[in-house]
Amino acid sequence: MQKKNKSKFSFIKVIGICLILILLSGVGVMAVTTKVNTVTIELSNGYEMTVLTSKTNVKEILEDNNIILESNEKVIPSTTEEITESKTIKITDKSEQEIEVAKISESGIEMTLENLLDAYTTITEKIEVVEETIPFETVTKDISGGSTNTKNKVLQQGVEGKKKVTYKVKYQNEAEIERTKISEEIIQEPVDKIIQVSSKTTSSRSSSSSRSSSTSSKTSGSTSGTSSVKVYKVTAYCACTKCCGAHANGYTASGTRATAGRTVAAPSNLAFGTKLNINGKTYVVEDRGGAIKGNRIDIYVSSHSQALAWGVKYLPVEVQN
Ligand SMILES: [Zn+2]
């Protein structure tokens with residue numbers, strides 16, 4: 001046991017002497033050559049190591065100490081430089097921005113960190129006020145009562161309005177990238193266009209006494225299924241000899257007694273008994289006449305003066321079946 005302890009002690013002793021010798025020799029070298037430096041290497045994980053070296057090139061110092069840089073690490077001073085007077089080599093992680101720049105550079109786009117920052121800082125905001133038109137609306141007033149035969153009349157023309165709109169506009173490198181409406185102020189309200197839709201018969205009725213050559217009173221008061229309207233040259237006659245000559249006996253060609261307000265003479269294409277609507281009144285075809293051909297109709301009246309007063313009128317005549 002004792003023997004063993006002794007040998008262990010002497011082993012430590014030897015180690016100690018060796019260390020002293022190494023230290024002495026180191027001091028000796030330092031004393032002899034001033035080119036040996038104590039360099040502090042700061043590692044990226046925060047550890048520091050101090051090395052003695054005669055080298056001054058950063059790359060060589062790192063190599064001598066078996067320090068290999070990772071791809072995401074950088075060294076200050078850089079590996080191509082000599083160590084500075086501080087005699088410190090610092091290894092750090094590259095910042096994220098630097099990695100970003102490196103990636104972009106690798107992809108062939110020449111872009112520095114400054115360029116990147118510039119690109120983000122050149123977004124500018126402007127307030128813009130624009131005058132815009134407000135389209136008018138078209139309003140339809142339907143007074144046709146559901147009629148299928150209608151006409152349109154513009155009662156009021158539409159006028160566009162004006163408004164002042166304020167936008168917040170974002171520009172990046174002078175190109176618009178975003179536009180937000182902040183407010184709008186109406187300068188002038190638009191005026192609606194108003195269209196009145198009416199039945200064609202509505203207006204022709206209201207002007208029924210006029211000398212109308214219109215063929216538009218198609219559905220006027222008709223209760224029957226089919227009807228046709230044609231403009232006729234309408235005259236009047238009485239039972240006198242001036243009007244009827246030899247036939248002036250008060251009876252019609254159909255054998256009925258001529259009656260004012262009912263009897264009309266019509267061409268033979270309109271059969272006896274045919275009802276005609278003239279100016280909203282219903283007459284019956286009961287008579288014929290030598291001059292009543294084509295588009296002519298003669299209305300029976302009770303006196304010759306009334307016949308003269310009527311004169312000649314061109315009126316739409318509706319044949320009711
Ligand atoms: Zn007469």
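Start at 1 and go down the list; that is how both ligands and their atoms are numbered.
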Discussion item. Test: ring-ring contact (aromatic ring centres under 6.0 Å, His included). Region: residues 235-268. Which pairs qualify, not counting sequence neighbours?
Written reply: Tyr237-Tyr300

Worksheet item: Taking atom CD of Glu73 and atom NZ of Lys90, what is their separation to the nearest 0.5 Å?
Response: 13.0 Å

Worksheet item: What number of protein N, O or S atoms occur at distances under 2.8 Å from the Zn ion (ligand 1)?
Response: 4

Worksheet item: Above 12 or not: heavy atoms from other molecules or residues under 6.0 Å from CD1 of Ile68?
Response: no

Fill in: Exam field: side chain Ser254 to backbone Glu286, donor-acceptor pair closer than 3.5 Å
yes

Worksheet entry | Atom pair NZ (Lys281) and CZ (Arg262), whose distance is rounded to the nearest 0.5 Å | 15.5 Å

Worksheet, complete the sentence: Separation between CD (Glu132) and CD (Glu184), nearest 0.5 Å, reads 7.5 Å

